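Here is the structure we will look at.
In what follows, chains are A, B, ... by sequence order, proteins preceding strands, each numbered from 1. Note that the structure is a prediction, hence the values are computed from the model and not measured.
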Protein chains: 2
Amino acid sequence: MAFDNLGPRELRVLQNLVMHYIQTADPVGSRVIANRYRMGLSPATIRNTMQDLEELGLVRQPHTSAGRIPTDSGYRVFVDLLLRPEPLTEAEQKKIKSLIAGTNRGLDALLTQTSKILGEISSQLGISISPRFEEGVLTRIDLIPVSEGRLLVIVAVKSGLAQTILMEVESDIDVDELRQMESLLNERLTGLSLGHIRKTVNERLADTSCSPRLLKLFLDTDSEIWNDQGEEKLHFTGVDKLFSQPEFAERSRLAELVRVLEEQSGLIETIKTKSIGEGIVITIGRENQMTEMQSCSIVASKYQAGKVTGTIGIIGPTRMPYSKLVSIVEYTARSLTEALSDEKKDNG
Amino acid sequence: MAFDNLGPRELRVLQNLVMHYIQTADPVGSRVIANRYRMGLSPATIRNTMQDLEELGLVRQPHTSAGRIPTDSGYRVFVDLLLRPEPLTEAEQKKIKSLIAGTNRGLDALLTQTSKILGEISSQLGISISPRFEEGVLTRIDLIPVSEGRLLVIVAVKSGLAQTILMEVESDIDVDELRQMESLLNERLTGLSLGHIRKTVNERLADTSCSPRLLKLFLDTDSEIWNDQGEEKLHFTGVDKLFSQPEFAERSRLAELVRVLEEQSGLIETIKTKSIGEGIVITIGRENQMTEMQSCSIVASKYQAGKVTGTIGIIGPTRMPYSKLVSIVEYTARSLTEALSDEKKDNG
DNA sequence: AATTGGCAATCTCTCCGCCAGAGTGCTAAA
DNA sequence: TTTAGCACTCTGGCGGAGAGATTGCCAATT
């Protein structure tokens, strides 16, 4: 929809209305806008403008004698046309940086930490999604026998990421065979991306003298080693923050949201399809595919770990402080990317 | 407190009262017990017994003209003296086994999965705590350079567990030196427990020709490599289940619980100190140290992965179906231990 | 002595009507 | 085009009334 035909008065009224509603969570009346925001107009005039905005579908009344609240479209116009990112304070920047830098237990812990930071600083729900390893470049692969019938496979990928897979194997595997297999894999596959390996592993390991029993574990292109199906994980922290939000007064709505969060896969899918582009992506209310999310907004951004990319973001009610959240997500994504980058930041 | 002086009548009334209250969440009146449970006594008689139980502090009235509900002590007597574990159905057993067996992405994923199973089957909150690696026996240690200034250390422990640590190092490390260091570590330390290593690493690596810069990373006994501080993680699934429970009608109470869950460390500590013994440990309401947990009960059990032990459990309101939950936790813990045991279960 | 029926008393919960408060839409005036 | 005035509408809180449930106690019964 084109809302370019909105006059400056309409825009200002919308802006003030959205900002005030974000703060108070109460429907905003004409008097508040006229007085508190010093527009130099009487409430009656504001009322007329508000009627126009209502006809355009940007605001609505919960009931006849209440003030107005923004619709999803109203928030959309606010975000697209009126949003001014509110910069982070020094303290906030410091906090984000130091908490990210202080975590060195591997990717999983780092992402948990990141979601925690986002949740705390935003007072909303912070989320982070681990990257797909598809594009990750293999650094090393280890085969470690852990017991008679089981094998621990550790796949290390550039940028310090690693995933471990526990495999069931036929019980009698010779240690020497295993060593041989291991060096073969490392020789022929390191430096390639996992996705590439999956497609070409058959050819690359064709002429080999290895134990065929062992070999077939790695030739299976559906194997979880090269495939990252189900590998993506959604971390989230800050559910308690949402409890105090009036839009989650009915228990069922928050319960639904939590169920979706715990279920993981559906939400991961929708977030990923949304945030294909660069930079911050904001999804508002009904713009969400999932019905359980249609009273929520998501502010998301990608982060990078070498060639591999994942997503972080914030979830909250559509009435969320977008101006602040945009800055938080943007800065956190950048910090995370930095922490995961191959170059050390300050190698002076 | 000794409640051995309770007569069989008192016990039966208490039992029926608790069982009925667990089902309905409504205060139980004398008539319900007399009629529905066919005790062959009139409501008036039951009333007298109930007064006795109230004087003993086992039940209480929410207000003058309501039925009775169990107190924490009441549940305690129920659990200690009257509980009959309700066996799992075939289907439930199958579900638990197969979901545990179907997860082979390493310990973290397995524990997430376990908490999910517990949550689903119990319709309560399922939790799992990763084990301390203190007692874990080192199988292998890998040093993988990931970028100029960083080193990925993978510590593999018996039973297929592995943890990865990302370390900052001085930027110019020779690959050969690294290899040398790696084999040295593997030669001298595999087969020992991490706790043991931490204490003796200084002597064990004393006479060495390795690069001292590298060496000092591993001699630092506070280093996160041998130390598992902060390594323990609490996984939880099923928060949405608690929303429908009437005891969490006030939002703040559930919010507090979630905050504690997300904060991790405090809860981990209390659960660990409680469940030192073998078998199922049940903690009821006020018996919990943490104030936020005092309207909740925990049914917990240990599981083992070789020499390493962790805890799983279920959290819910004190009004929870103990009979069923005991069986669920017990069976799941056993299945998990089995899945993590060194022996393959069915190597026939 | 234990059990039971009867009964007044107590407390909650829900429904209903009432009223104050807030904000609108419309109309007429500036 | 803007504003003041005014009737209208809807919500939310308060209080009282009445139904329902369950108790405690007492006197009667087994």
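With contacts defined as side-chain heavy-atom distances shorter than 4.5 Å, the pair A:Leu17/A:Arg68 qualifies.
Judged as a side-chain hydrogen bond (donor to acceptor under 3.5 Å, both in side chains), and not counting sequence neighbours, B:Glu269 has no contacts. Residues passing the ring pair (Phe, Tyr, Trp, His ring centres under 6.0 Å) test with B:Tyr331, sequence neighbours excluded: none.
For DNA chain C, the outermost nucleotides in 5' to 3' order that have an atom under 4.0 Å from a heavy atom of chain A are C:dA22 to C:dC26.
Residue A:Ser42 places no side-chain N or O under 4.0 Å from the OP1 or OP2 atom of D:dT2.
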Under 4.0 Å protein heavy-atom contact, by nucleotide of nucleotides 21-26 of chain D - B base, S sugar-phosphate only: BBBBB-
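Distance check, rounded to the nearest 0.5 Å: CG of B:Asn16 to CG of B:Leu82 gives 9.5 Å.
Every pair passing salt bridge (Lys or Arg N to Asp or Glu O under 4.0 Å) that includes a residue from residues 73-83 of chain A is listed here, sequence neighbours excluded: A:Arg76-A:Asp80, A:Arg76-A:Glu287. For residues 16-47 of chain B, the ring-ring contact (aromatic ring centres under 6.0 Å, His included) pairs, not counting sequence neighbours, are B:His20-B:Tyr37.
A salt bridge is absent between B:Glu256 and B:Arg253; no separation between the charged side-chain nitrogens and carboxylate oxygens falls under 4.0 Å. A salt bridge does not link A:Glu54 to A:Arg60: none of the charged side-chain nitrogens sits closer than 4.0 Å to a carboxylate oxygen.
The nearest heavy atom of DNA chain C to B:Pro62 and to B:Pro43 marks one nucleotide each, and the one closer to the 5' end goes with B:Pro43.
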